[in-house]
**Q** 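Quick one: the structure is below, questions incoming.
Computed from a predicted model, the values in this text were never measured in an experiment. By convention here, the first residue in the shown sequence is residue 1.
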Amino acid sequence: MDRSSHLYLFIVLLQWLIDYSSAISAVNTDRSSLTAFKSRISFDPHNILTKNWSGEGSICSWMGVTCDSRYHRVTQLNISSMGLVGTIPPEIGNLSSLVSLDVSENSFHGPLPPSIFNMSSLEVVNLRNNSLSSSLPLDMCKYNLDRLKRLGVSYNKMYGKIPSSLDQCSQLEFLALYNNNFSGFVPREIGNLTKLQLLNLGANKLTGDIPEEIGRLTNLQGLGMSANKLKGPFPETIFSMPSLQSVDFASNELSGHLSPQIGNMTSLLRIGLEFNNFSGNIPKEIGRLSNFERLSMSGNKFSGPLPKEIGNLTTMYGLLLHSNALSGHIPIEIGHLINLEELQLEVNNLDGTVPKEIGNMTFLSYLWLNNNNLSGIT
Ligand SMILES: *[C@@H]1O[C@H](CO)[C@@H](O)[C@H](O)[C@H]1NC(C)=O
Ligand SMILES: *[C@@H]1O[C@H](CO)[C@@H](O)[C@H](O)[C@H]1NC(C)=O
Ligand SMILES: *[C@@H]1O[C@H](CO)[C@@H](O)[C@H](O)[C@H]1NC(C)=O
Ligand SMILES: *[C@@H]1O[C@H](CO)[C@@H](O)[C@H](O)[C@H]1NC(C)=O
Ligand SMILES: *[C@@H]1O[C@H](CO)[C@@H](O)[C@H](O)[C@H]1NC(C)=O
Ligand SMILES: *[C@@H]1O[C@H](CO)[C@@H](O)[C@H](O)[C@H]1NC(C)=O
Ligand SMILES: *[C@@H]1O[C@H](CO)[C@@H](O)[C@H](O)[C@H]1NC(C)=O
Ligand SMILES: *[C@@H]1O[C@H](CO)[C@@H](O)[C@H](O)[C@H]1NC(C)=O
Ligand SMILES: *[C@@H]1O[C@H](CO)[C@@H](O)[C@H](O)[C@H]1NC(C)=O
Ligand SMILES: *[C@@H]1O[C@H](CO)[C@@H](O)[C@H](O)[C@H]1NC(C)=O
Ligand SMILES: *[C@@H]1O[C@H](CO)[C@@H](O)[C@H](O)[C@H]1NC(C)=O
Ligand SMILES: *[C@@H]1O[C@H](CO)[C@@H](O)[C@H](O)[C@H]1NC(C)=O
């Protein structure tokens with residue numbers, strides 16, 4: 001061997017040594033992160049971590065831990081539904097190869113350490129149904145979360161504003177903040193998250209309007225904003241969202257009309273607008289939604305007749321329109337709705353007779369027609 005090949009060999013060896021020792025040190029960092037995590041568990045009813053997360057062996061065999069086969073770094077941590085009580089330490093942010101974190105269905109409390117939002121490999125974060133209480137860092141998506149696809153925080157005690165920087169987590173497909181104490185406005189920047197398929201902000205304390213930018217979410221299938229304090233008119237842009245299957249705006253203070261354009265929302269299956277301040281007619285174009293399942297609009301100010309085209313919606317199982325100002329006859333076409341399980345038309349101004357075709361609804365288990373001016377069955 002000549003001098004230069006000696007040198008080459010030396011460099012390769014050195015590089016290998018550096019890689020090897022940094023891999024070892026990363027593996028040790030993963031171990032100390034998990035050890036810190038374990039030390040914050042105050043109750044482990046099935047002794048899962050207490051017994052299993054111990055010993056000198058590889059952390060990759062610890063329950064709920066998955067590593068990649070090459071570098072033995074922790075890529076998944078899934079300790080869902082283990083009945084654990086504890087807090088989440090900031091050291092969790094040192095699991096720098098973590099792709100998926102699932103601590104859902106436990107009793108973790110205290111704040112969510114901001115270091116969670118510093119892991120650049122993260123794709124899935126599921127924190128559902130714990131008692132976590134802090135705000136989300138306002139800059140949470142500004143640095144490293146450009147792979148995050150799913151963020152589930154529903155059923156916790158989180159509060160503060162929904163960060164407007166969320167739009168920089170541009171790969172988000174699933175965002176669920178249901179049942180927390182988030183307040184302030186729905187940030188219009190959410191309209192930039194065009195890959196979103198599910199957005200649920202329901203059961204919080206959000207105020208203000210629904211931003212019309214929501215209409216830019218052309219891949220959105222489920223939109224939930226029920227049980228907040230949202231006001232103002234319903235943005236028309238909602239009616240041009242082609243993928244929407246389910247809309248739930250129940251129990252807010254929203255107003256406005258249902259546009260005839262609703263007939264073009266051919267993916268739509270369920271609408272929940274109950275207990276708001278909506279008004280106007282029920283557009284006959286609704287009859288074009290051939291797979292429609294549930295129309296829930298009780299407790300508003302809808303007026304005018306129940307359109308006979310409603311009889312087209314033969315797959316519908318719920319028609320809930322009580323406590324509105326509907327008038328005119330109940331169309332006999334209602335008898336086509338042979339899959340209907342719930343029919344609530346009470347407390348309206350309907351008149352005429354109850355069509356005998358209602359007898360065709362063999363699955364009907366809730367029928368409410370009282371407080372109208374109906375006069376028997378024809
Ligand atoms: C922990 O649990 C895993 C999976 O059940 C098992 O393979 C491993 O041997 C356990 N380790 C200890 C120390 O109990
Ligand atoms: C975690 O494990 C549970 C059940 O063991 C599973 O249902 C869930 O999908 C897993 N979470 C992730 C993010 O893979
Ligand atoms: C892990 O993270 C904590 C807090 O985020 C930090 O103080 C600590 O130095 C880190 N430990 C290692 C081994 O990197
Ligand atoms: C995030 O990581 C960077 C380095 O990548 C570090 O400087 C910063 O302190 C970390 N922030 C948090 C909140 O852990
Ligand atoms: C949350 O978890 C508890 C058990 O810790 C369970 O009783 C409750 O039904 C769960 N809530 C939801 C909404 O899933
Ligand atoms: C929201 O905050 C109120 C008190 O401000 C509290 O009573 C309630 O339990 C909280 N709800 C949630 C889901 O955290
Ligand atoms: C995100 O949305 C805001 C407000 O709707 C807009 O001003 C901004 O240009 C958008 N950013 C990107 C990167 O699209
Ligand atoms: C439905 O869409 C078609 C084609 O885009 C359009 O011509 C029509 O006016 C729309 N109908 C309603 C009621 O908006
Ligand atoms: C409901 O709408 C009517 C107009 O249709 C308006 O006068 C009233 O103030 C609204 N009520 C609420 C609670 O927003
Ligand atoms: C009722 O459905 C038929 C096809 O199922 C369709 O041709 C018709 O246009 C619909 N009527 C209304 C009023 O939407
Ligand atoms: C009700 O069912 C009978 C047969 O049981 C059928 O002849 C009639 O057309 C149905 N009426 C409606 C309105 O669908
Ligand atoms: C109920 O209907 C009858 C007969 O159709 C009519 O005379 C009466 O004024 C109506 N009552 C109300 C409260 O609309």
Side-chain angles (χ1 to χ4, degrees), residues 123-126 128 136 140-141 145-155 161-180 182 184-204 206 208-228 230 232-252 254 256-274 276 278 283 285-286 288-297:
E123 293 175 14
V124 176
V125 176
N126 189 358
R128 187 185 188 278
L136 289 173
M140 60 176 272
C141 291
L145 289 181
D146 42 10
R147 296 191 191 171
L148 191 66
K149 290 197 175 96
R150 296 176 68 88
L151 177 60
V153 185
S154 297
Y155 298 102
K161 287 187 176 161
I162 298 177
S164 58
S165 78
L166 259 178
D167 68 338
Q168 291 172 51
C169 287
S170 63
Q171 302 302 310
L172 268 180
E173 294 170 3
F174 174 101
L175 176 60
L177 307 181
Y178 188 83
N179 208 309
N180 282 283
F182 289 108
F185 299 143
V186 177
R188 37 194 81 251
E189 288 80 3
I190 277 189
N192 293 342
L193 291 169
T194 51
K195 294 195 172 169
L196 271 185
Q197 293 171 15
L198 186 124
L199 174 61
N200 197 345
L201 307 179
N204 279 293
L206 301 172
D209 294 348
I210 298 174
E212 60 174 38
E213 286 82 357
I214 289 285
R216 308 215 308 246
L217 302 177
T218 52
N219 291 304
L220 202 66
Q221 294 168 11
L223 174 57
M225 296 199 181
S226 63
N228 277 293
L230 299 168
F234 199 50
E236 284 286 304
T237 52
I238 300 265
F239 298 106
S240 54
M241 297 174 74
S243 308
L244 215 48
Q245 295 176 2
S246 173
V247 181
D248 189 359
F249 287 130
S251 302
N252 280 290
L254 296 164
H257 298 202
L258 278 188
S259 156
Q261 252 186 290
I262 198 169
N264 276 355
M265 298 177 76
T266 47
S267 306
L268 202 58
L269 303 176
R270 291 176 293 274
I271 303 177
L273 302 179
E274 66 270 26
N276 276 289
F278 289 105
E285 287 77 4
I286 206 163
R288 296 187 2 215
L289 304 177
S290 51
N291 298 312
F292 201 74
E293 294 173 354
R294 195 167 196 270
L295 185 67
S296 179
M297 312 203 298

**Q** Does any N or O in the side chain of Ser164 come within less than 3.5 Å of the main-chain N or O of Glu189, such that one atom is a donor and the other an acceptor?
**A**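 Side chain of Ser164 to backbone of Glu189: no pair is present.
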**Q** Quick check: closest heavy atoms across Leu145 and Cys141, and the distance to 0.1 Å?
**A** CD1-SG, 4.5 Å
**Q** Taking atom CD of Glu285 and atom CE of Met265, what is their separation to the nearest 0.5 Å?
**A** 13.5 Å
**Q** Which heavy atom of Cys169 sits nearest a heavy atom of Leu193, and at what distance?
**A**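 It is O-CD2, 3.2 Å.
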**Q** Keeping the roles fixed (side chain from Asp167, backbone from Ile190), state whether a donor-acceptor pair exists under 3.5 Å.
**A**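 Absent.
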**Q** Which side-chain N or O atoms in residues 171-178 pair as donor and acceptor under 3.5 Å with protein atoms at least two apart or in another chain?
**A**
residue, atom, partner, partner atom, Å
Gln171, OE1, Lys195, NZ, 2.8

**Q** Would you mind reporting whether Leu258 and Met297 have side-chain heavy atoms less than 4.5 Å apart?
**A**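 Result yes, sub-4.5 Å side-chain heavy-atom pair found.
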**Q** Between Glu236 and Ser259, is there a side-chain heavy-atom distance shorter than 4.5 Å?
**A** yes
**Q** Return the OG to CG distance between Ser170 and Asp146, rounded to the nearest 0.5 Å.
**A**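 The distance works out to 7.0 Å.
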**Q** Does a side-chain heavy-atom distance below 4.5 Å link Asn179 with Ser154?
**A**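 Asn179 vs Ser154: side chains apart.
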**Q** Does atom CZ of Arg128 have more than 12 heavy-atom neighbours, drawn from other residues, nucleotides or ligands, at distances under 6.0 Å?
**A** yes
**Q** Could you list the residues that satisfy ring-ring contact (aromatic ring centres under 6.0 Å, His included) with Phe249, not counting sequence neighbours?
**A**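 Listed in chain order: Phe234.
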**Q** Identify the two heavy atoms, one from Asn264 and one from Arg288, that lie closest to each other, and give their separation to 0.1 Å.
**A**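 What the structure gives for the nearest pair is OD1-NH2, 2.5 Å.
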**Q** Any chance you could measure Leu268, atom CG, to Met241, atom CE, to the nearest 0.5 Å?
**A** 10.5 Å
**Q** Without swapping roles, check the side chain of Asn276 against the backbone of Phe278 for a donor-acceptor pair under 3.5 Å.
**A** no
**Q** Begin with the C-alpha distance, continue with both residues' side-chain angles, and end with the deciding distance and a verdict on side chain to side chain contact (heavy atoms under 4.5 Å, CB included) for Arg270 and Val247.
**A** CA-CA 6 Å; Arg270 291 176 293 274; Val247 181; over 6 Å; no
**Q** Please name the pair of heavy atoms, one in Pro187 and one in Pro163, separated by the smallest distance, quoted to 0.1 Å.
**A**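 Scanning both residues, the minimum pair turns out to be CG-O, 4.1 Å.
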**Q** Side chain to side chain contact (heavy atoms under 4.5 Å, CB included) for Ser226 and Ser251? Distances and angles first, verdict last.
**A** CA-CA 6 Å; Ser226 63; Ser251 302; 5.6 Å; no
**Q** If every non-hydrogen atom of Tyr155 is compared with every non-hydrogen atom of Asn180, which pair is closest and at what distance?
**A** N-ND2, 4.0 Å
**Q** Tell me the closest heavy-atom pair linking Met225 and Val186, and the distance in Å.
**A** CE-CG1, 4.1 Å
**Q** Would you mind reporting whether Glu123 and Leu148 have side-chain heavy atoms less than 4.5 Å apart?
**A** no
**Q** To the nearest 0.5 Å, tell me how far Gln245 CD sits from Ile271 CD1.
**A** 13.0 Å
**Q** To the nearest 0.5 Å, tell me how far Ser243 OG sits from Gln197 CD.
**A** 8.5 Å
**Q** Return all side-chain donor-acceptor pairs below 3.5 angstrom for residues 209-224, not counting sequence neighbours, or 'none' if the list is empty.
**A**
residue, atom, partner, partner atom, Å
Glu213, OE1, Arg188, NH1, 2.9
Glu213, OE2, Arg188, NH1, 3.3
Arg216, NH2, Asn192, OD1, 2.4
Asn219, ND2, Thr194, O, 2.9

**Q** Is a side-chain donor or acceptor of Asn204 paired with a backbone partner of Phe182 at a separation under 3.5 angstrom?
**A** yes
**Q** I need the Ile162 CD1 to Leu136 CG distance, nearest 0.5 Å.
**A**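 Nearest 0.5 Å value for the CD1-CG distance: 8.5 Å.
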